[in-house]
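In this chain, numbering begins with 1 at the start of the sequence shown. Quick note: numbers below take in every heavy atom, side chains included, and nothing from hydrogens, waters or symmetry partners.
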Amino acid sequence: EVQLVESGGGLVQAGGSLRLSCAASGFTFDDYAIGWFRQAPGKEREGVSCLSSSDGSTYYADSVKGRFTISSDNAKNTVYLQMNSLKPEDTAAYYCAATLASRSYYCLTDADGMDYWGKGTLVTVSS
């Protein structure tokens with residue numbers, strides 16, 4: 001059974017940091033790309049960052065470049081999203097999702113093409 005389990009969300013003040021984790025199981029981790037997406041109330045889902053587990057390629061939305069860093073521990077089948085300099089506009093439910101590594105280039109902009117999704121973790125940034 002494929003599972004993606006997010007953790008690490010919470011409440012933080014503006015300027016603070018959080019690290020989200022996405023633990024994957026049930027598929028060959030090295031063959032997949034993992035993406036982080038977020039959705040704020042009343043807003044559309046947004047691709048935040050993606051990482052290809054096969055070659056380490058990373059992609060970031062312009063809104064988080066320089067503040068967020070995606071990384072992976074392939075031995076643990078886990079992808080992390082280090083979020084620094086958080087802003088109130090980063091408040092959202094954050095989801096990780098997986099797609100074949102060959103599609104990693106499209107990960108940020110093609111959420112509908114992701115194969116597996118986690119249930120999400122909530123990040124709230126207070127001003």
Donor-acceptor under 3.5 Å (Asn74 side chain, Ser53 main chain): yes
Members sharing Val5's hydrophobic cluster, built from side-chain contacts under 4.5 Å between Ile, Leu, Val, Met, Phe, Trp and Tyr, are none
Do Arg45 and Asp112 touch side chain to side chain, with heavy atoms closer than 4.5 Å? yes
State which residues pass side chain to side chain donor-acceptor pair (under 3.5 Å) with Thr91; sequence neighbours excluded, sorted by chain then number. none
Just say parallel, tilted or perpendicular for the rings of Phe27 and Tyr116, cut-offs at 30° and 60°. parallel
Once salt bridge (charged side-chain N to carboxylate O under 4.0 Å, His left out) is applied, do any residues pair with Arg67, and if so which ones, sequence neighbours excluded? Asp90
Indicate every side-chain donor-acceptor pair of residues 119-127 with a distance under 3.5 Å to a residue at least two apart or in another chain.
| from | atom 1 | to | atom 2 | distance (Å) |
| --- | --- | --- | --- | --- |
| Thr121 | OG1 | Gly9 | N | 3.2 |

For Trp36 versus Cys22, what's the shortest heavy-atom pair and its separation? CZ2-CB, 3.5 Å
When you compare the side chain of Leu86 with that of Phe68, does any pair of heavy atoms fall below 4.5 Å? yes
What's the spacing between Ser104 OG and Ile34 CD1 if we round to 0.5 Å? 11.0 Å
Side-chain heavy-atom pair Arg38, Val64 within 4.5 angstrom cut-off: yes
Do the side chains of Glu6 and Leu20 get nearer than 4.5 Å, heavy atoms only? no
Any link between Tyr94 and Leu108 through a network of hydrophobic side chains (Ile, Leu, Val, Met, Phe, Trp, Tyr) touching at under 4.5 Å? no
Between CD on residue Gln82 and OG on residue Ser21, distance to nearest 0.5 Å: 9.5 Å
Between Leu4 and Tyr95, is the side chain to side chain contact (heavy atoms under 4.5 Å, CB included) condition met? List the steps. CA-CA 9 Å; Leu4 294 170; Tyr95 302 87; over 6 Å; no
Donor on one side chain, acceptor on other, Asn84 and Ser17, under 3.5 Å: yes
We want to know whether Glu46 and Ser63 form a side-chain donor-acceptor pair, criterion being a heavy-atom distance below 3.5 angstrom. yes
Shared hydrophobic cluster for Val2 and Val79 (ILVMFWY, side-chain gaps under 4.5 Å): yes
4.5 Å side-chain heavy-atom contact, Tyr106 and Thr99: no
Backbone of Tyr59 reached by a side-chain donor or acceptor of Ser49 within 3.5 Å: yes
Pairs meeting criterion disulfide bond (SG atoms under 2.5 Å apart) with involvement of residues 33-78, two or more places apart: Cys50-Cys107
Using 30° and 60° as the class boundaries, would you call the ring planes of Trp117 and Phe37 parallel, tilted or perpendicular? tilted
Looking at Gly47 and Ala61, what are the two nearest heavy atoms and their distance? O-CB, 3.3 Å
Any side-chain to backbone donor/acceptor pair from Tyr60 onto Ile70? Under 3.5 Å, distance only. yes
Using the salt bridge (charged side-chain N to carboxylate O under 4.0 Å, His left out) criterion, which residues pair with Asp110? Sequence neighbours excluded. Arg103
